[in-house]
Undergrad: 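Take this structure, written in structure tokens, and hold onto it; I'll ask about it next.
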Amino acid sequence: MTVFEGNTVAAATAAGLKQLHLTREQVELEVLAEPKKGFLGIGKQAAQVRLTAKPQPKSAVPARAASMAAKPVPSAATDAGVSAAAVTTKTATPAKTTAPKTQKKVVMPKPVITAAPVSEKPVVTAAASTVITKPADTTAPERTPEQIAARQAANEQAVRDLSAYLLEVVKQLGITADLDVDFGNRYATLNFDTVKQGLLIGKHGRTINALQDLAQVYMNHHGASHVNVVLDVDDYRERREETLERLAESTAREAIATGKQVFLDPMPSFERKLIHAELANNRHVTTFSEGRDPHRAVVVAARK
């Protein structure tokens, strides 16, 4: 048994079969490690498989020979007998008309052979229609407590790895910081503690928002896409939400007074949602978004 590596399990298996000069049916396959792509080149791992040659049965050749021996082979004597019988019959009764009758008897069962598929066709169609019309079970299988615990442990490990990754990124920006992590079932809030708050937040929150997008991509890449990641610095998110609420109200008043559409600065999707939610119950204005990320912006217009 030998261990082989490859970018995928299939590639590792193919390399092993080529080296061992065996086929897939002649070996036993054991996957030792699944391939990992890593993140930005970190944690990349090739697939590993172990191939063990199956013992070949010794009785395969004799059994095949025995089966060939058991197969009836027409002998020369039999062929000669048949030929002689055919010649004798032709010579004795050259004008005999029994041969066509024999051919008619062979043709008679033909309607029965043709009817067999016709009688089976409705059965096959009924079975197929039953399978097609059967309602699919769309309910997700209930997870066991062991599976839930394993998923929770994997998410916690992903958040710990994310924290170490983000600290390394901000260190490259010249920022020394600590992280306070609040982790739940479907969320993870990471609060930076640093003296360089303005540098980490950036103009209009662009730096902290970019880091948050990077953190979400990291979680998605590590199988925790259902965990929503929020990065914060000294309660910046709360202060930003209050600012956006005031901006929404002042923009609505401007749109009503001028009767024209008011375009706000481009914002990330979660900030645009705050503007839409703040003005959703305002009967005098309507809101919508225009453009494509990262230049997508909210437009506030007076209702006609």
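A quick note: this is a predicted structure, and the numbers were derived from the prediction, not measured.
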Undergrad: Counting distance only, does the side-chain N/O of Glu5 pair as donor-acceptor with the main-chain N or O of Ala46 below 3.5 Å?
TA: no
Undergrad: Any heavy-atom pair between the side chains of Phe270 and Val230 that's under 4.5 Å?
TA: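 The answer is no, as the side chains (C-beta and beyond) never meet within the 4.5 Å cut-off.
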Undergrad: Any side-chain heavy-atom pair from Val3 and Val49 closer than 4.5 angstrom?
TA: no
Undergrad: In a table with atom names and distances, give each donor-acceptor pair under 3.5 Å that connects a side chain of residues 296-304 to protein atoms at least two apart or in another chain.
TA:
residue: Arg296; atom: NH1; partner: Gly291; partner atom: O; Å: 2.5
residue: Arg303; atom: NE; partner: Arg283; partner atom: O; Å: 3.3
residue: Arg303; atom: NE; partner: Val285; partner atom: O; Å: 3.0
residue: Arg303; atom: NH2; partner: Val285; partner atom: O; Å: 3.4

Undergrad: If every non-hydrogen atom of Gly184 is compared with every non-hydrogen atom of Gln152, which pair is closest and at what distance?
TA: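 Taking every non-hydrogen atom into account, O-NE2, 4.5 Å.
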Undergrad: Please report the shortest heavy-atom distance between Ala177 and Phe192, naming the atom on each side.
TA: CB-CD2, 4.0 Å
Undergrad: Do Ser163 and Arg160 come within less than 4.5 Å of each other through their side chains, counting heavy atoms only?
TA: no
Undergrad: Check for a donor-acceptor pair, side chain of Thr207 on one end and backbone N or O of Lys203 on the other, with a separation under 3.5 Å.
TA: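 No, because the side chain of Thr207 does not come within donor-acceptor range (under 3.5 Å) of the backbone of Lys203.
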Undergrad: Between Val159 and Val181, is the side chain to side chain contact (heavy atoms under 4.5 Å, CB included) condition met? List the steps.
TA: CA-CA 8 Å; Val159 172; Val181 180; 3.7 Å; yes
Undergrad: Which is it for Val31 and Gln48 under the side chain to side chain contact (heavy atoms under 4.5 Å, CB included) test, yes or no, and what are the steps along the way?
TA: CA-CA 6 Å; Val31 179; Gln48 294 183 352; over 6 Å; no
Undergrad: Considering only heavy atoms from C-beta outward, does the side chain of Thr287 approach that of Glu278 to under 4.5 Å?
TA: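 Counting from C-beta outward, Thr287 and Glu278 never come under 4.5 Å.
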Undergrad: So, do Glu238 and Glu241 sit near enough that their side-chain heavy atoms are less than 4.5 Å apart?
TA: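 Heavy-atom side-chain distance check fails, nothing below 4.5 Å.
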Undergrad: Between Arg272 and Asp293, does any side-chain N to carboxylate O distance fall below 4.0 Å?
TA: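 A salt bridge is present here (some side-chain N lies under 4.0 Å from a carboxylate O).
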Undergrad: Apply side chain to side chain contact (heavy atoms under 4.5 Å, CB included) to Tyr187 and Val227, showing your working.
TA: CA-CA 5 Å; Tyr187 73 92; Val227 178; 5.6 Å; no
Undergrad: Of all residues at least two apart in sequence or in a different chain, which pass the side chain to side chain contact (heavy atoms under 4.5 Å, CB included) check with Glu25?
TA: Thr23
Undergrad: Between the side chain of His221 and the main-chain N/O of Val217, is any donor-acceptor distance below 3.5 Å?
TA: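 Looks like no, no N/O pair under 3.5 Å.
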Undergrad: State which residues pass side chain to side chain donor-acceptor pair (under 3.5 Å) with Gln197; sequence neighbours excluded, sorted by chain then number.
TA: Asp234
Undergrad: Locate the shortest heavy-atom distance separating Val170 from Leu167; write the atom from each residue and the value.
TA: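 Shortest heavy-atom contact: CG2-O, 3.2 Å.
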Undergrad: Side chains of His226 and Arg186: does their closest heavy-atom pair fall under 4.5 Å?
TA: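 Contact flag for His226/Arg186 side chains = yes.
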Undergrad: Are any of the side-chain heavy atoms of Leu20 and Leu51 separated by less than 4.5 Å?
TA: yes
Undergrad: Within this structure, what is the CG-CG distance for the pair Leu166 and Leu211, rounded to the nearest 0.5 Å?
TA: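 Between Leu166 CG and Leu211 CG, I get 6.5 Å after rounding to 0.5 Å.
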Undergrad: Using 0.5 Å steps for rounding, measure from the CG atom of Asp213 to the OG atom of Ser269.
TA: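 Going from the CG atom of Asp213 to the OG atom of Ser269 covers 7.5 Å.
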Undergrad: With a 4.5 Å cut-off on side-chain heavy-atom distances among I, L, V, M, F, W and Y, is there a chain of contacts connecting Leu179 to Leu231?
TA: yes
Undergrad: If two hydrophobic side chains count as joined below 4.5 Å and joins carry through other members, does Ile275 share a cluster with Ile256?
TA: yes
Undergrad: Linking I/L/V/M/F/W/Y whenever any side-chain heavy atoms sit under 4.5 Å apart, do Tyr236 and Leu244 land together?
TA: no
Undergrad: Which heavy atom in Ile208 sits nearest to a heavy atom in Val233, and how many Å separate them?
TA: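 Taking every non-hydrogen atom into account, CD1-CG2, 3.7 Å.
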Undergrad: Which residue in the set Asp182, Leu190, Asn191 passes side chain to side chain contact (heavy atoms under 4.5 Å, CB included) when paired with Asp232?
TA: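 Result: among Asp182, Leu190, Asn191, Asn191 is the only option passing the side chain to side chain contact (heavy atoms under 4.5 Å, CB included) with Asp232.
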Undergrad: Starting from the C-alpha separation in whole Å, work towards a yes-or-no answer on side chain to side chain contact (heavy atoms under 4.5 Å, CB included) for Leu17 and Arg24.
TA: CA-CA 7 Å; Leu17 294 176; Arg24 178 63 184 84; 4.2 Å; yes
Undergrad: Indicate yes or no: does Arg240 engage Glu271 in a salt bridge with an N to O separation below 4.0 Å.
TA: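 Result for this pair is yes, salt bridge flagged.
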Undergrad: Nearest 0.5 Å please: distance from the CG atom of Leu32 over to the CZ atom of Arg50.
TA: 5.0 Å
Undergrad: Considering only heavy atoms from C-beta outward, does the side chain of Thr251 approach that of Leu247 to under 4.5 Å?
TA: yes
Undergrad: Minimum heavy-atom separation for Phe4 to Ala12, with atom names?
TA: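 In terms of heavy atoms, the two residues are closest at CB-O, 3.7 Å.
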Undergrad: Run the numbers on Asn209 and His204 for side chain to side chain donor-acceptor pair (under 3.5 Å), then give the verdict.
TA: CA-CA 9 Å; Asn209 289 341; His204 299 307; over 6 Å; no
Undergrad: How close do Ser225 and Gln216 get, counting heavy atoms only, and between which atoms?
TA: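 The answer is O-NE2, 4.1 Å.
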Undergrad: Quick check against the 3.5 Å criterion: does Lys273 have a side-chain atom that pairs as donor or acceptor with the backbone of Pro268?
TA: no
